[in-house]
Amino acid sequence: MFDLNGKVALVTGAGQGVGAGIASVLAAQGAAVAVNDLDRDRAASTVDAIVAAGGAAVAVPFDVTDYTAVVDGVAAARAALGPVDIMVPNAGIPAAGMPQVAFVDSNPELWHRFIDLNLYGVLHCAHATLPAMCERGWGRVVVISSEAGRLGLDIKVALYGAGKAGAVGLLRHVAMEVAPLGVTMNALSLGLMNNVSGDWAEAIARTVPRRRLGSPTDVGAAVAFLASDAADWITAQVLPVNGGSHT
Ligand SMILES: NC(=O)c1ccc[n+]([C@@H]2O[C@H](COP(=O)([O-])OP(=O)(O)OC[C@H]3O[C@@H](n4cnc5c(N)ncnc54)[C@H](O)[C@@H]3O)[C@@H](O)[C@H]2O)c1
């Protein structure tokens with residue numbers, strides 16, 4: 001697909017779902033992968049799967065909402081595998097799940113839960129890895145965003161959407177600062193993935209032009225492209241990965 005041999009990637013929230021798929025695809029392209037998750041057992045299981053498939057990976061469990069923990073985790077990844085070349089802030093669904101609450105019924109605890117994870121989580125990971133990328137003259141940041149950050153949706157996820165949109169706003173500006181130094185920053189705006197189940201998910205799948213929900217491998221392939229040398233002239237962009245919905 002795309003040659004990532006010799007590169008080190010760090011994927012957050014990669015203990016399951018989309019992040020685990022991204023980590024596996026990057027490892028299959030030759031990257032050594034630091035697998036982050038809040039849940040250390042989940043991170044370890046993704047590492048085991050990558051190593052069993054012949055790839056290189058280590059677990060770096062930490063909470064992306066805690067800047068000090070992120071800095072320490074990036075240092076641990078560097079000590080185990082080398083400096084991080086490819087940063088994939090993917091963690092975005094709170095560990096407690098995805099409550100769908102009307103904005104007027106929400107409260108400060110909920111505001112912080114979504115903004116801390118989806119805006120500060122990305123900010124922390126970018127801030128902890130960009131200086132070394134700029135110093136080495138090569139780097140990639142690929143943020144995993146959502147159509148909820150690009151579109152108004154009537155599904156009671158305003159705070160989640162605000163966090164996602166905030167991270168994209170941040171990356172567009174920071175991308176301008178780091179582009180001359182060989183570092184690109186892009187985001188993927190995901191439609192509904194196949195790790196969400198239920199009648200409503202099946203109903204949505206029927207409305208997707210491609211007639212299916214997305215898979216972690218679909219997302220991994222797009223990350224591998226944006227992380228590769230082939231995507232060197234693409235920066236500060238948001239690529240919808242959504243089966244053709246919302247053109
Ligand atoms: N699933 C979808 O339909 C969908 C749609 C659009 C966008 N996305 C985005 O894709 C990304 C992955 O979603 P998913 O469905 O795979 O989620 P998931 O809930 O299946 O997995 C998320 C992982 O992140 C970890 N995590 C949670 N909080 C963390 C923290 N503070 N620090 C580190 N790790 C943490 C969890 O332990 C979990 O293993 C998210 O950014 C999400 O917003 C998902």
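Nothing fancy with the numbering, it's 1 onward along the sequence. Worth knowing before you read on, the calculation uses all heavy atoms, side chains too, and leaves out hydrogens, waters and symmetry mates. Order of listing sets the numbers, starting from 1, for every ligand and every atom in it.
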ask   = Going hydrophobic residue to hydrophobic residue with side-chain gaps under 4.5 angstrom, can you get from Met87 over to Val25?
value = no

ask   = Name the one of Asn118, Val219, Val122, Val241 that satisfies side-chain contact (heavy atoms from CB on, under 4.5 Å) with Ile144?
value = Val219

Residue part near ligand 1, for Thr12, under 4.0 Å between non-hydrogen atoms = neither

ask   = Is Asn90 close to ligand 1, meaning an N/O of one under 3.5 Å from an N/O of the other?
value = yes

query = Where's the contact between Val196 and ligand 1, heavy-atom distance under 4.0 Å: side chain, backbone, both or neither?
reply = side chain

inquiry  = If you count heavy atoms of other groups shown closer than 6.0 angstrom to CZ of Arg150, is the number above 12?
reply    = yes

ask   = Has Tyr120 got more than 12 heavy atoms of other residues, nucleotides or ligands less than 6.0 Å from its OH?
value = no

inquiry  = Below 4.0 Å, non-hydrogen atoms only: which portion of Tyr160 touches ligand 1? Side chain, backbone, both or neither.
reply    = side chain

Test of proximity, Gln16 against ligand 1: N or O pairs below 3.5 Å = yes

request  = Flag yes if Ile86 and Leu188 sit in one hydrophobic cluster, no otherwise; membership is Ile, Leu, Val, Met, Phe, Trp, Tyr, and two members link when side-chain heavy atoms are under 4.5 Å apart.
outcome  = yes

message = Looking only at distances, can you tell me whether any N or O atom of Ser146, backbone or side chain, sits closer than 3.5 Å to an N or O atom of ligand 1?
response = no

inquiry  = Let's go through Tyr160 and Ile93 carefully: what are the C-alpha distance in whole Å and the side-chain angles of both, what is the deciding distance for side chain to side chain contact (heavy atoms under 4.5 Å, CB included) to 0.1 Å, and is it a yes or a no?
reply    = CA-CA 9 Å; Tyr160 170 71; Ile93 307 285; 4.1 Å; yes

query = In terms of residue, atom name and distance, what is the protein heavy atom nearest to atom 37 (O) of ligand 1?
reply = Asp37 OD1, 2.6 Å

ask   = How does Leu213 reach ligand 1, by side chain, by backbone, by both or by neither, if only non-hydrogen atoms under 4.0 Å count?
value = neither

remark   = Quick look: Ser145 vs ligand 1, heavy-atom contacts under 4.0 Å, and the answer is backbone

note = In short, Phe114 meets Pro99 closest at the heavy-atom pair CZ-CD, 3.8 Å

Ligand 1 contact on Met193 by region, counting heavy-atom pairs under 4.0 Å = both

task = Using a cut-off of 6.0 Å, state whether more than 12 heavy atoms not belonging to Arg40 lie near its atom CZ.
result = no

message = With nothing but distance in play, are any N or O atoms of Val18 less than 3.5 Å from an N or O of ligand 1?
response = yes

message = Under 3.5 Å between any N/O of Asn118 and any N/O of ligand 1: does that happen in this structure?
response = no

Identity and distance of the protein heavy atom lying nearest atom 17 (O) of ligand 1 = Ile93 CG1, 3.4 Å

request  = Report the member of Leu117, Ile144, Leu38 with the shortest heavy-atom distance to atom 10 (O) of ligand 1.
outcome  = Ile144

key: Protein residue, atom and distance nearest to atom 23 (C) of ligand 1, heavy-atom basis   = Gly13 O, 3.5 Å

ask   = Just which atoms of ligand 1 are under 4.0 Å from any heavy atom in Gly17?
value = 16 (O)

request  = Please identify which atoms of ligand 1 are closer than 4.0 Å to at least one heavy atom of Phe62.
outcome  = 32 (N), 33 (C)

key: Any Leu130 side-chain heavy atom under 4.5 Å of Glu177 side chain   = no

key: Within 6.0 Å of CG in Asn5, more than 12 heavy atoms from elsewhere   = yes

query = What protein heavy atom sits nearest atom 32 (N) of ligand 1, and how far off is it?
reply = Val64 N, 3.1 Å

ask   = So, does Ala14 sit close enough to ligand 1 that a heavy atom of it is under 4.0 Å from the ligand?
value = no

ask   = Atoms of ligand 1 less than 4.0 Å from Asp63 heavy atoms?
value = 30 (C), 31 (N), 32 (N)

task = For the residue pair Phe103 and Trp111, categorise the inter-ring angle as parallel (less than 30°), tilted (30 to 60°) or perpendicular (more than 60°).
result = parallel

message = Is a donor from one side chain sitting under 3.5 angstrom from an acceptor on the other, for Asp48 and Ser45?
response = no

message = Using side-chain heavy atoms (C-beta onward) and a distance below 4.5 Å, is Val196 in contact with Leu213?
response = no

inquiry  = In this structure, does ligand 1 have an atom that sits under 4.0 Å from one of the heavy atoms of Gly191?
reply    = yes

key: Interfacing atoms of ligand 1 (cut-off 4.0 Å, heavy-atom, Asn36)   = 33 (C), 34 (N)

query = Taking everything shown except Arg210 itself, do over 12 heavy atoms lie less than 6.0 Å from its CZ?
reply = no

request  = Could you check atom 38 (C) of ligand 1 against the protein and tell me its nearest heavy-atom contact, residue, atom and distance included?
outcome  = Arg42 NH1, 3.2 Å

query = Can you list the atoms of ligand 1 that are under 4.0 Å from a heavy atom of Leu192?
reply = 3 (O)

Proximal ligand 1 atoms for Lys164, defined as those under 4.0 Å from one of its heavy atoms = 40 (C), 41 (O), 42 (C), 43 (O)

inquiry  = Using side-chain heavy atoms (C-beta onward) and a distance below 4.5 Å, is Met185 in contact with Val174?
reply    = yes

key: Contact check, side chains of Phe225 and Leu239, non-hydrogen atoms, under 4.5 Å   = no

message = Is it the case that ligand 1 has an N or O less than 3.5 angstrom from some N or O of Thr65?
response = no

ask   = Nearest to atom 15 (O) of ligand 1, what protein heavy atom do you find, and at what distance?
value = Asn195 ND2, 2.8 Å

